[in-house]
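Keep in mind that the numbers below use all heavy atoms, side chains included, and drop hydrogens, waters and symmetry copies.
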Amino acid sequence: MISRIDLRGDALPEGGALRDLLPRAEFDVEAALEKVRPICEDVHHRGTAALIEYARKFDGVELEQVRVPAEALKAALEALDPAVRAALEESIRRARIVHRNQRRSEHTTQVVPGGTVTEKWVPVERVGLYTPGGRSVYPSSVVMNVVPAQEAGVESIALASPPQKEFGGLPHPTILAACALLGVDEVYAAGGAVAVAMFAYGTEDCLPVNMVTGPGNIWVAAAKRYFTGKIGIDTEAGPTEIAVLADSTADPVHVAADLISQAEHDPLAAAVLVTDSEDLAAAVERELEPQVAATKHVEDRIKPALAGRQSAIVLVDSLEDGLKVVDAYGAEHLEIQTADAAAWAARVRNAGAIFVGPWAPVSLGDYCAGSNHVLPTGGCACHSSGLSVQSFLRGIHIVDYTRDALAEVTHHVVTLAEAEDLPAHGAALKARFGWKVPTQ
């Protein structure tokens with residue numbers, strides 16, 4: 001059901017050589033880019049008419065309008081199962097607690113007497129948030145996108161999710177209900193690259209945005225790449241991943257359940273166990289069979305995901321080697337199920353989010369930990385962060401110098417300008433002092 005990679009016996013290679021030994025899904029965004037390019041440009045030129053045509057082509061629905069009516073949002077919330085509503089409200093409450101504390105405050109530094117640099121944080125003016133709606137419905141992603149944007153102070157928030165044939169061309173009602181709970185009233189029935197293009201270019205109905213965030217399939221990732229530079233993006237999200245660093249103290253029932261929990265997302269989902277315990281590896285393999293047989297989405301998602309090249313049990317000689325492996329892998333979600341798990345977690349450098357010990361499974365983070373589940377995939381955790389309040393803020397430096405403070409440093413500025421053969425830079429200061437460098 002799941003393959004093994006045995007890295008025991010020899011010294012682990014470094015850097016890219018180690019990464020090349022680890023499992024990873026094929027996810028060719030560059031190839032997809034060529035397919036989304038004409039779609040994006042069609043949306044650019046035809047606007048809403050193109051959105052309606054692509055809804056018919058890709059989603060099998062006939063739309064009269066792309067924007068979701070206010071009464072549909074209200075009706076979805078009124079019809080929402082009370083238990084689901086209570087769970088969403090708790091998810092929102094916890095997410096707000098965490099994300100509110102991420103907001104940075106303005107700070108002024110006095111560099112010299114009379115010379116200060118202030119860094120102020122300004123929210124992006126308008127954002128487009130994307131929530132997938134393919135194999136599964138993700139109201140939790142509505143929460144994870146909207147809450148940090150709101151806590152950052154973004155004034156204009158729009159959200160898009162694919163139209164659903166069974167709901168008359170509207171996005172899934174639970175997604176609409178989550179929007180209503182969060183006070184988001186600008187919602188569009190648009191999916192994939194079409195939605196990203198709508199946000200980037202704008203249409204008759206939707207004003208263009210400054211930034212697009214949210215998870216999605218390869219077409220969403222390709223469209224984000226296409227528009228990078230025109231709009232800001234969070235990340236080119238690929239298939240979801242879980243890595244578990246575990247030793248002999250880990251419970252194989254827990255480990256197997258957590259691997260399966262990510263495998264049920266998608267046939268390209270990655271489930272990776274890194275362990276120094278042969279006994280644990282064997283026990284997890286045995287445990288996978290009955291747990292998989294007892295759940296849903298077995299043939300179309302879980303089995304292909306576990307059997308795919310992106311999933312494996314990786315055997316190492318020690319937890320020290322295991323730590324090197326998980327850092328090289330840079331998982332979206334990393335669980336630490338070892339003795340003294342907090343100490344090992346503190347040493348991890350590369351992960352989107354880290355889940356410490358047996359009572360912090362990834363599923364908790366997906367919904368109600370308070371953390372964000374929009375995280376870097378495909379090894380991007382070595383250079384990128386998950387979605388947060390900071391994603392929606394821009395730091396702006398404000399430089400304020402008096403005449404005396406400028407005079408004191410002018411000779412250094414002129415010297416550096418001349419060293420770079422940019423004499424006009426120095427002249428901009430000399431002009432303020434009668435074309436002479438002030439005497440120090």
Side-chain angles (χ1 to χ4, degrees), residues 29 88 91-104 121-133 136 138-161 175 178-179 181-184 195-196 199-200 209-217 220-221 223-225 227-228 231-242 262 265 330-334 350-355 362-395:
V29 176
L88 281 171
S91 176
I92 292 167
R93 187 187 73 82
R94 294 185 180 209
R96 287 209 188 281
I97 291 171
V98 172
H99 290 83
R100 188 162 292 155
N101 281 341
Q102 294 173 355
R103 187 68 157 86
R104 295 181 180 181
W121 294 92
V122 180
V124 174
E125 292 178 26
R126 176 168 165 79
V127 299
L129 310 178
Y130 186 73
T131 298
S136 297
Y138 294 106
S140 58
S141 285
V142 178
V143 176
M144 300 297 171
N145 277 273
V146 172
V147 167
Q150 289 178 334
E151 294 300 325
V154 176
E155 292 183 1
S156 180
I157 297 175
L159 186 139
S161 191
I175 287 177
C179 290
L181 275 175
L182 287 156
V184 175
V196 179
F199 283 143
V209 304
N210 305 109
M211 182 177 188
V212 171
T213 73
N217 59 20
V220 173
K224 284 183 176 180
R225 181 175 296 186
F227 287 112
T228 298
I231 57 172
I233 65 168
D234 50 350
T235 185
E236 294 178 9
T240 191
E241 307 159 345
I242 182 174
Q262 291 305 111
H265 276 288
E332 177 189 18
H333 310 94
L334 174 63
N350 301 328
I354 303 170
F355 299 82
V362 167
S363 298
L364 174 66
D366 284 341
Y367 300 112
C368 286
S371 59
N372 204 289
H373 78 201
V374 182
L375 301 167
T377 60
C380 292
C382 68
H383 56 72
S384 297
S385 305
L387 199 66
S388 72
V389 167
Q390 308 312 327
S391 304
F392 299 99
L393 295 174
R394 297 162 292 134

Restricting to salt bridge (Lys or Arg N to Asp or Glu O under 4.0 Å), what partner residues turn up for Arg225, sequence neighbours left out? Glu30, Glu236
Check: Val196 and Phe227 side chains under 4.5 Å, non-hydrogen atoms: yes
Mind listing the closest non-hydrogen atom pair of Leu375 and Ala353 along with its distance? CD1-CB, 3.8 Å
Would you please classify the geometry between the His265 ring and the Tyr138 ring as parallel, tilted or perpendicular, with 30° and 60° separating the classes? parallel
Set out, in order, the CA-CA distance, both residues' side-chain angles and the distance that settles side chain to side chain donor-acceptor pair (under 3.5 Å) for Thr213 and Asn145, then state yes or no. CA-CA 7 Å; Thr213 73; Asn145 277 273; 2.7 Å; yes
If I take atom OG from residue Ser371 and atom CZ from residue Arg94, how far apart are they, to the nearest 0.5 angstrom? 11.0 Å
Just so I know, are the side chains of Asp366 and Gln262 near enough to count as touching, which here means a heavy-atom distance under 4.5 Å? yes
What one should report as the nearest heavy-atom pair of Ala237 and Pro215 is CB-CA, 4.2 Å
Between atom OG of Ser140 and atom CD1 of Ile92, what is the distance when rounded to the nearest 0.5 Å? 11.0 Å
Between Pro376 and Ser384, what is the shortest heavy-atom contact and its length? CG-O, 3.6 Å
For a 4.5 angstrom cut-off between non-hydrogen side-chain atoms, does Arg103 reach Leu393? yes
Check whether any side-chain heavy atom of Ser388 sits under 4.5 Å from a side-chain heavy atom of Pro148, and report yes or no. no
Taking Glu241 for the side chain and Thr377 for the main chain, is one N or O donor matched with an acceptor at less than 3.5 Å? no
Sorted by chain and number, sequence neighbours left out, side chain to side chain donor-acceptor pair (under 3.5 Å) with Gln390 holds for Arg104
Where do Asp234 and Gly214 come nearest, in terms of heavy atoms and distance? OD2-N, 2.9 Å
State, with a plain yes or no, whether a side-chain heavy atom of Tyr130 is found less than 4.5 Å away from one of Val220. yes
State the OG-CD1 distance between Ser363 and Ile242, to the nearest 0.5 angstrom. 7.5 Å
So CD of Gln102 and NE2 of His99: to nearest 0.5 Å the spacing works out to 4.5 Å
If we only count heavy atoms from C-beta on, is the Phe392 to Val127 side-chain gap below 4.5 Å? yes
To the nearest 0.5 Å, what is the distance between CE on Met211 and CD on Glu125? 13.5 Å
The ring-ring contact (aromatic ring centres under 6.0 Å, His included) partners of Tyr367 (sequence neighbours excluded) come to none
Between the CD1 atom in Ile157 and the CG atom in Leu129, the distance rounded to the nearest 0.5 Å is 6.0 Å
With a 4.5 Å heavy-atom cut-off, do Gln150 and Val184 have their side chains touching? yes
Heavy-atom check, side chain of Cys179 versus side chain of Val142, under 4.5 Å: yes
To check you understand the geometry: which heavy-atom pair defines the closest contact between Gly352 and Ala381, and what is its length? N-CB, 3.6 Å
Answer yes or no: is there a donor N or O on one side and an acceptor on the other, between the side chain of Arg394 and the main chain of Trp121, under 3.5 Å? no
On a heavy-atom basis, which atom in Ile175 and which in Pro132 lie closest, and how many Å separate them? CD1-O, 3.8 Å
